[in-house]
Amino acid sequence: MTVQEDNHTEEKKSLSFVEQLVEEDLAKGKNGGRIQTRFPPEPNGYLHIGHAKAICMDFGIAEKYNGICNLRFDDTNPSKENNEYVENILNDISWLGFKWENIYYASDYFEKLWDFAVWMIREGHAYIDEQTAEQIAEQKGTPTTPGVASPYRDRPIEESLKLFEQMNTPEAVEGSMVLRAKLDMANSNMHFRDPIIYRIIHIPHHRTGTKWHAYPMYDFAHGQSDYFEGVTHSICTLEFVPHRPLYDHLIDFLKEMDGTSDVMDDNRPRQIEFNRLNLTYTVMSKRKLHALVEEHAVSGWDDPRMPTLCGMRRRGYSPESIRNFIKSIGYTKFDALNDVALLEAAVRDDLNKKACRVSAVLNPVKLVITNYPDGESEEMEAINNPENEADGTHTITFSKNLWIERDDFMEDAPRKFFRMTPGKEVRLKNAYIVKCTGCTKNENGDIIEIQAEYDPQSKSGMEGANRKVKGTLHWVSADHCQQAEVREYDRLFYVENPGADERDFHELLNPDSLHIFKNCYVEEYAANKKPGEYLQFQRIGYFMADPDSSASHLVFNKTVGLKDAWAKVKK
Ligand code: ATP
Ligand code: MG
């Protein structure tokens, strides 16, 4: 093999299977080299990280092959859709960092779809069935036994045409009739057994109001919309594999109607399926996410424990970390459960580069520097981000009375405790080396104050300040900090795969998924940070101001700890 060939194979190997298929089509000259994808959300909920996987694929393919990706709202079921969802979907896609070419709505095609349905009836490919949904379901058969033909299957075309018109009137009774494609009741693919393609719904549509009363089903809208728009690659998730033959079959009909069946322009969308993203300790089903919101198990769609993009944004995840995570898990043909620890690792990795380092004490105890002058203070320089010099510095005020973490002190410490304990030295980050001299307890024996003496010659950055001390502690000055509430989150569910569990998902909710620290102290500089600004509370983790935060009541969300706390527990 030549070096060149070798490189070529290497490149091929690093392509996802979807990219390989797209490249094959390009090599064959299909669609004149045009690449067009779409992301087709149904506006019946908020986007979650599973959708992000589809978004990265749909937009990624268009970007990589100089094509376009449109957004299409698959809004064919007015009973669950609304504009609030449309707005938030747009916002979330932009936040993730993608730009659509056009925004389309399946509802823009209601007229065209109606005409197609009428053509289907006229050509003897569809009929009105007046049986109940139960009767129709009973006649479907099983994958190994053929279905039973509806008594209405061979009704006159004119009768079906008339009834189809009636279906689309306010007088039509929901469930009284449906339009079915007349395909093959014995086909081993159940989707071919005369699928329902239109049904009656009277709930007003978020865009077309009460104009329509008969609405197309997914299988009679999705592929058709792809075709109308000129989509070349219709990329979706694996559950649509069994729908693909029907998808192709209905496109054949559309091309027959258009008279383009024998045209060699290949103007036909190609459906390609990849595996869904499933995350441990959460659910992706919109039905379940709706239930969590409606039953107030969470504070809303953007609760930081939710797998939604707005929840992750509020929690402090960056769009880059989500995209990197999706890249790392890749696209395959096999469904799997993805470990949320990988997502958290991607978040840490990205926030390490971005977050501004600040000081905050979550579980405070007073530390008095007994030899520091009363009433005095000084400004210490703090580096915003050691990973990025360009982020600069800020100042943190040091004084006699400080807050430190209760866990950072032990009266009788084991030898390897390199934090604060009587007789030992530690460095206070960005400030001085201090030596603990003792502590004060209340009548219950609780430590209420720790005392230490500082070495004025040991200020960070000073010559001769490099004396080796094992521990460095974070702190805030009691007179130069602000009180804050900190919300710490744990897994929303306590079982690894709640989506696949037979028990009711309500029983699987982790009762301790939210822990609120009411009495935290943050340095002044952190108090001014807004939602959207990435923070690292030094030695603790990554944090972000919550939209609930105000000047009089600061609130921060813990995005993720510095290390994987669960990995430790499991060991
Ligand atoms: P439902 O159909 O139950 O309302 P859905 O999750 O399929 O929910 P859609 O709005 O229809 O939601 O999804 C839009 C696109 O996102 C589809 O192409 C779908 O395949 C993709 N998608 C949804 N969930 C995931 C997931 N967990 N992983 C990858 N892609 C997903
Ligand atoms: Mg769907």
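Given the structure is predicted, the values throughout are model-derived calculations rather than measurements. One-based numbering, in listed order, for ligands and for the atoms of each. One-based numbering along the sequence shown.
- The closest approach between any non-hydrogen atom of His48 and ligand 1 is below 4.0 Å.
- Under the salt bridge (charged side-chain N to carboxylate O under 4.0 Å, His left out) criterion, no residue pair touches residues 135-150, with sequence neighbours excluded.
- In the candidate list Leu277, Ile55, Ile89, Asn44, Asn44 is nearest to atom 4 (O) of ligand 1, counting heavy atoms.
- Polar contact check, Asn275 against ligand 1: no nitrogen or oxygen pair lies under 3.5 Å apart.
- A cation-pi geometry, defined here as NZ or CZ lying under 6.0 Å from the six-membered ring centre and within 45° of its normal, does not hold between Arg38 and Tyr104.
- If you look at Lys286 next to ligand 1, the close heavy atoms, those under 4.0 Å, all belong to the side chain.
- The existence of a salt bridge linking Arg122 and Glu256 is excluded, since no basic side-chain nitrogen approaches an acidic carboxylate oxygen closer than 4.0 Å.
- Atoms of ligand 1 found under 4.0 Å from any heavy atom of Gly50 (numbered from 1 in listed order, with element): 25 (C), 26 (C), 27 (N), 28 (N), 29 (C), 30 (N), 31 (C).
- Under the 30°/60° scheme for interplanar angles, the aromatic rings of Trp114 and Tyr198 are found to stand perpendicular.
- Atom NZ in Lys30 sits 9.0 Å away from atom CD in Glu24 (nearest 0.5 Å).
- The ligand atoms of ligand 1 that sit less than 4.0 angstrom from a heavy atom of Phe39 are 15 (C), 16 (O).
- For a threshold of 3.5 Å applied to N or O pairs, the pair formed by Lys53 and ligand 1 contains no separation below that value.
- Of all atoms in ligand 1, numbered sequentially from 1 with element shown, those under 4.0 Å from a heavy atom of Ala54 are 16 (O), 21 (C), 30 (N).
- Every residue meeting the side-chain hydrogen bond (donor to acceptor under 3.5 Å, both in side chains) condition with Thr144, not counting sequence neighbours, appears here in chain and number order: Thr142.
- Taking each of Thr237, Asn338, Asn278 in turn, the one with a heavy atom nearest to atom 19 (C) of ligand 1 proves to be Thr237.
- With respect to Glu273 and Lys333, a salt bridge is recorded, a charged nitrogen being found less than 4.0 Å from a carboxylate O.
- For ligand 1, the polar-atom distance check finds no N/O of Cys236 at less than 3.5 Å from any of the ligand's N/O atoms.
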